[in-house]
Each structure stands twice: as C-alpha cells, then as structure tokens.
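Quick caveat: nothing in here was measured; it's all calculated off a predicted structure. Computed from heavy atoms alone, side chains included, the values below leave out hydrogens, waters and symmetry copies.
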2 protein chains.
Amino acid sequence: MLKGHLDAVLLATIGDEALHGYAIIEAIRARSGGHFDLPEGTIYPALHRLELAGLLASRWVQPDGGRKRRVYTLTDSGRRSLVERRAGWQSFASGIDLVLGSRA
Amino acid sequence: MLKGHLDAVLLATIGDEALHGYAIIEAIRARSGGHFDLPEGTIYPALHRLELAGLLASRWVQPDGGRKRRVYTLTDSGRRSLVERRAGWQSFASGIDLVLGSRA
DNA sequence: AAGTTATACCTAGCATCACTAGGCTTAAAC
DNA sequence: GTTTAAGCCTAGTGATGCTAGGTATAACTT
C-alpha cells in the first residue's frame with residue numbers, strides 16, 4: 001500500500017522514459033529495493049486516472065517481438081505535478097518524522 | 001490527511017503521557033511543526049478504534065476546573081505496536097525516498 | 001446577565017484509495 | 001501442444017479519514 005503517494009511514485013518512475021504498465025511495476029519493485037511490489041489492479045486504474053487528469057499521455061507500440069504495449073510518458077503538466085508531489089512528500093515525511101521522533 | 005500513519009502518530013503522541021482527545025490534537029499540531037492539524041472527526045473515532053484493538057486504555061478524569069475528560073494511555077500492546085509502526089514508517093519512507101530520488 | 005468563545009466529547013455518512021479476484025490475449029519455453 | 005510469462009483490463013470491496021453535524025460545560029466579554 002502506497003498510502004496516497006501512488007501518483008508521485010508513478011510519475012517519478014516514468015520520469016523521462018516511455019514505460020508501459022508491466023515495466024512500471026518491475027521498475028517500482030527494482031527502484032524501491034523490493035519495498036513495493038504493486039499488483040496490476042493498482043497500477044492500471046491509476047495510469048488511466050493520471051492520463052484522464054492530463055498528467056500522462058499514452059500511445060500503443062508494437063515491438064519487434066512480443067505483443068502490443070501501451071507506453072506512457074509525462075506531459076508538461078505531469079512534470080510540474082511531479083515537482084509538487086516531491087515537495088509534498090518531503091513536507092509530509094518531515095512532519096511524520098517530527099511526531100514519531102524517528103529521524104529527528 | 002495522514003495517509004495510513006494516523007495510528008502511529010496517535011500512539012507516538014500519547015507516548016508515556018496521559019492525554020485526552022483535545023490535547024492530542026494540539027500536541028500533534030505542535031509537535032509536527034504545524035504540518036498536521038487534524039479535525040476531531042478524525043481523532044475521536046481513531047482513539048475508539050485503538051482502544052477497541054487493545055492498544056489504548058482510557059479513563060474519565062474530572063480536573064479541578066473545567067469539564068470531564070477522557071484520558072488515554074498506551075497499553076503494553078500499544079507500546080509494542082508503536083515500536084513496530086515506527087520501524088514500518090522508516091521502511092516505508094526509505095522506499096518512497098528511493099523511488100522519488102528525493103533524499104537518496 | 002447574556003452572549004460569545006474555547007474546551008471537550010461524539011457520530012453518521014461519504015469520498016478516496018488501492019487491493020482482491022477475476023478475465024482476456026499473445027508470445028516464448030519446454 | 002501445453003504451460004508459463006508478458007501484457008492489458010475491470011468490477012467490487014474494505015479501510016481510512018474527512019465533512020458536517022450535534023451536545024455540553026467553563027471562561028471570558030460586554
């Protein structure tokens with residue numbers, strides 16, 4: 001469970017690449033050091049939601065081998081949103097750190 | 001919104017004191033440096049839930065001035081849970097940090 | 001004395017979020 | 001040729017915390 005930070009994680013994972021859903025799941029697992037292993041039922045609806053919100057754009061790609069994939073890239077709005085969400089996360093995390101006295 | 005970490009925040013805020021609901025709200029606001037200003041509709045049901053779960057115990061207290069208060073303290077189980085939740089938060093936060101590349 | 005503000009507790013209902021549990025298709029591996 | 005991996009999708013559900021309301025008492029103002 002990403003507890004409200006799923007969108008930030010998705011935007012940050014896609015970053016400047018063009019990734020498809022399945023690859024995004026693997027990238028999150030890899031980059032989080034195994035902390036997060038998200039099910040498809042979490043990822044696909046979230047990608048659709050972010051595209052509808054104008055933060056992501058998608059196109060279908062037919063690779064040489066393998067089946068068609070829908071690849072996602074950030075829009076300008078998505079890039080701006082990522083900056084905001086990163087700041088939002090840092091603010092949130094420092095607030096929790098203060099209260100928990102963990103990293104203070 | 002505390003995004004799934006409300007219980008940890010409550011347990012940590014109460015800590016070794018005996019606090020009542022209203023004071024808990026003020027303590028969270030103060031200790032978080034103003035980050036979190038939680039409404040009563042969040043706090044009271046959560047306290048009841050934690051008491052039902054055996055992590056908190058409550059008793060009514062009549063102070064010299066002012067009206068009756070229900071004060072909460074941690075149970076042994078609550079103290080153990082706090083330790084776990086602190087560790088859980090650190091693990092979660094480091095995972096998000098890795099993915100967002102914010103504090104990495 | 002009356003009204004307002006601060007203290008203090010509570011609940012029903014609602015929106016969001018992400019997960020479970022399924023289904024579908026195509027390519028690779030055995 | 002059949003199983004496994006890659007790849008996409010949705011309906012329904014449970015948990016979570018907020019909104020918006022209600023109640024009561026004490027302190028402060030006018």
Report the distance from atom CZ of B:R85 to atom C1' of D:dT16, rounded to the nearest whole Å.
-> 13 Å

Out of D:dG17, C:dC10, D:dC8, which nucleotide sits closest to the side chain of A:W60?
-> D:dC8

What is the distance, rounded to the nearest whole Å, between atom CG of B:L38 and atom P of D:dG17?
-> 9 Å

Within this structure, what is the CZ-to-C1' distance between B:R69 and D:dT23, rounded to whole angstrom?
-> 18 Å

Ranking D:dC9, C:dA18, C:dC10 by distance to the side chain of B:H48, first place goes to C:dC10

What nucleotide among D:dT10, C:dC10, D:dC8 has an atom nearest to a side-chain atom of A:H20?
-> D:dC8

Under 4.0 Å between a side-chain N or O of B:R70 and OP1 or OP2 of C:dC10?
-> yes

Worked check of side chain to side chain donor-acceptor pair (under 3.5 Å) between A:T75 and A:R79 | CA-CA 6 Å; A:T75 62; A:R79 263 178 286 274; over 6 Å; no

Has the side chain of A:R67 got a donor or acceptor atom sitting under 3.5 Å from an opposite partner on the base of D:dA6?
-> no

Return no unless some side-chain N or O of A:H5 is found under 4.0 Å from OP1 or OP2 of C:dC17.
-> no

Verify the cluster assignment for B:W89 and B:L38: are they in a single hydrophobic cluster under the rule of side-chain heavy atoms below 4.5 Å apart?
-> yes

A:I25 CD1 to D:dC9 C1', in whole Å, measures 12 Å

For B:G41, answer base if it contacts any base atom (sugar-phosphate contacts may also be present), sugar-phosphate if it contacts only those atoms, and nothing otherwise; contact means non-hydrogen atoms under 4.0 Å.
-> base

Looking at B:S81 and B:L11, what are the two nearest heavy atoms and their distance?
-> OG-CD1, 3.8 Å

For A:Y44 and D:dA6, give me the distance from atom OH to atom C1', rounded to whole Å.
-> 9 Å

Starting from P on C:dC17, measure out to CG on B:L6 and report it in whole angstrom.
-> 17 Å

Whole-Å gap separating P (C:dA6) and CZ (B:R29) = 12 Å

Value rounded to 0.5 Å, distance of NE2 in B:H20 from CD1 in B:I25 | 9.0 Å

Rounded to the nearest 0.5 Å, what's the gap from CG on A:L98 to CD1 on B:I28? Could you check?
-> 13.0 Å

